[in-house]
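All ligand and atom numbering here is 1-based and tracks the order in the structure.
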Amino acid sequence: MRGRLLPLALIAGFSTLIAFFLIQGIPGTSTPQALGLGGASGPSKEEIASGKNIIPDLRASPPDSAKLLKPEDLSVPGAHLESPYPEGQTKPPGSEYTRTLVLASTRLENTSWVEEQLADMLAPSGPLSHAIYVVDDKTAPLHPPKNKGHEAMVYLSYIIDSYDELPDVSIFMHAHRYAWHNNELLDTDAVEMVRRLSPERVTRLGYMNLRCHWDPGCPDWLHPGAIEANTAKKEENLIAAAWTQLFPLDPIPTVLAQPCCAQFAVSRERILATPKQRYVYLRDWIQRTELSDYLSGRVFEYIWQFIFSAAPTHCPSMSACYCDGYGVCFGNYDVFNDYFKLRYEMNEFKEELRVWWRKADAIEQLKKYTADGKKLPEDAEVEFPEYGRDVWLERKIAEMNAELKKRTAAAIELGKDPRQRALEAGRPWKEGDGF
Ligand SMILES: *[C@@H]1O[C@H](CO)[C@@H](O)[C@H](O)[C@H]1NC(C)=O
C-alpha cells in the first residue's frame, strides 16, 4: 500500500484500518533520542513528523568515496595544505596550551553551554577562556563596533582587541552548540570539538579549519573569475571585486577552497604573522562596503584560510583532521570510508522513517477532522504508510547506530596513542614525542 495515493472519498472502504489507528494510535513510539536522532537538543517526534526539524547528519552529503579520501590524502599531510608558512613548533609533551573560545553571538542566542559544559576546562584552574561577542547589544561586555558582516566582524574585533595578549590557540566559533556543520563524528557538538581539539595540531598547522568534512567547500569551491552569477554561491562573483580592495597586492586566485562555515582555530604565532593594522583594515572594509550584512560576512568565509595561511586552498585529509585534530583515529582510510558508508545507509533509513511518520501524522489529522463530523473534500488525498515498516526501520536504525557507536568508541581509543595520530597524519614520530 505504501506509495499509493488514495482519494479520501475512498476512505470509507478503509474504515477498519482507520479504526485500528484510532484505537492503537500511530505504531512505533520510541523516542527520537533512543534512535540517535539527536541529543538533548534533538528534534521531538512532532517536529520530525512535521518535517520542520533539522537532523544534522541528514544535511551532510552522501559519502562519495572518490571524493572522500584518496591514499595520498592520508599519506601526504600537506597534499592540500599549500601554506608557505613553516610548521609551528609544539611545546614539550604534556605542556599546557592556553586557549580562548571566541563566539559570535546575538542577544537571542543562548551561550550558557560554555560555562555549563566546559566548566572543568575554564580558567583560572583550566587552560580555557572565552570571549563571547554579542553583535546586537552595545551594553554587552564584548561587542563589535557595528553589527555587520556576521561572525567576520566579531573574529576581527577579537583579534584587534586581544592582539597583544593572545592565548596559544584562539578558537573561533558560532554561538550555537549544535549545528549540522559541526563534526558529525563528534555528534555535531561544539562542546566536544572544543574539548577534543588538539592544540598541538593547531600549533603545527598555524591555521586549522575546525570542520573535517570537505563538503561543502573542498577541494575547490569558489572561482572568483567566474563570469556567470552562481545563485547557490552568491558571493562568488563579488569576491573578485572585493579581493582587489581587501588584498590589493595579491593577484586574484583562480580558486578558493576550504571546508565551509567559518569555524577555525589559529595559533598565536600565526595571528601575529599579520600586523594588527591589516586586521583593522579588513574590519574597516566590512564597515564601509556597500555589500549587505550577509554578503560582507560570506565573502570572508572562503578567505580566512588566505588570511591565516597565505594559501587560497586549505583542504587537509579528512581522516587526518579527525585523527590528529580530535583523536578519532580509524587506522586507515578504508576503515574511515566504511564507517561513513554505514552512516549514510543509516541516514537513508532515518529519512524513510521520517516520511513514514509524516504520513502517519497526516492520518492523525484526518481522524481529528472526521471526528468533528466534517465531510472530507472530494479531492483530498491521503497516503498510508506501510504497516509495520516503522518498527522494522526503528530496529534497523538502532542496530546500525549501535554498530557506529562501537566503531567510534574504538576510534577514540586508538586516538589516545600519539604515535597513531602521527601515523594517520603522515608526520614523523619517535618515542617520547607527544601529540
Ligand atoms: C540556556 O540553555 C540552558 C541549557 O544549556 C538552559 O538551562 C537555560 O534555561 C537556557 N536559558 C535560556 C534563557 O533559555
Side-chain angles (χ1 to χ4, degrees), residues 30-60 98-144 147 150-155 157-158 167 169-197 199 210-213 260-265 293 297 325-328 350 401 405 408-409 412:
S30 324
T31 62
Q33 279 82 351
L35 297 174
L37 287 173
S41 75
S44 66
K45 196 160 172 176
E46 290 69 33
E47 286 172 316
I48 290 168
S50 73
K52 273 190 301 212
N53 68 304
I54 297 168
I55 296 176
D57 49 16
L58 285 175
R59 306 234 340 223
T98 54
R99 281 157 264 187
T100 298
L101 174 60
V102 183
L103 294 186
S105 185
T106 65
R107 257 180 316 166
L108 290 179
E109 276 171 302
N110 184 345
T111 52
S112 65
W113 58 268
V114 177
E115 298 272 353
E116 284 167 17
Q117 305 294 324
L118 295 166
D120 58 308
M121 279 184 82
L122 285 171
S125 52
L128 184 70
S129 310
H130 59 67
I132 301 174
Y133 280 72
V134 186
V135 296
D136 53 357
D137 183 359
K138 287 244 181 284
T139 66
L142 296 173
H143 61 266
N147 181 12
H150 288 205
E151 75 278 344
M153 176 67 88
V154 166
Y155 295 177
S157 293
Y158 160 80
V169 167
S170 298
I171 305 168
F172 298 87
M173 299 189 87
H174 301 163
H176 31 266
R177 180 174 172 192
Y178 295 98
W180 67 268
H181 57 74
N182 284 346
N183 286 318
E184 290 169 40
L185 281 176
L186 301 172
D187 300 327
T188 67
D189 183 353
V191 168
E192 284 303 300
M193 287 168 73
V194 172
R195 199 174 271 294
R196 301 197 65 87
L197 178 67
L210 294 178
R211 179 170 163 81
C212 295
H213 296 258
C260 86
C261 305
Q263 298 195 112
F264 48 81
D293 171 29
Y326 297 100
V328 186
K350 279 187 187 176
N401 205 37
K405 279 215 161 77
T408 313
I412 285 173

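When ring centroids are compared, H174 and H150 stay outside the 6.0 Å threshold. Checked against the 6.0 Å centroid threshold, Y158 and F172 count as a close aromatic pair.
The protein non-hydrogen atom at the shortest distance from atom 12 (C) of ligand 1 is N110 ND2, 3.3 Å. For atom 7 (O) of ligand 1, the closest non-hydrogen atom of the protein is E116 OE2, 4.3 Å.
For atom 14 (O) of ligand 1, a protein non-hydrogen atom is found at a distance below 4.0 Å.
Close contacts between ligand 1 and S112 involve ligand atoms 1 (C), 2 (O), 3 (C), 5 (O) [criterion: under 4.0 Å to a heavy atom].
Counting heavy atoms from C-beta on, the side chains of L186 and V328 come closer than 4.5 Å.
Residues passing the side-chain contact (heavy atoms from CB on, under 4.5 Å) test with D137 are R107, V134, T139, A140, sequence neighbours excluded. Every residue two or more places apart in sequence or in another chain was checked for a ring-ring contact (aromatic ring centres under 6.0 Å, His included) with H130, and none qualifies.
Inclusion of W113 in the set of residues having an N or O under 3.5 Å from an N or O of ligand 1 is not warranted.
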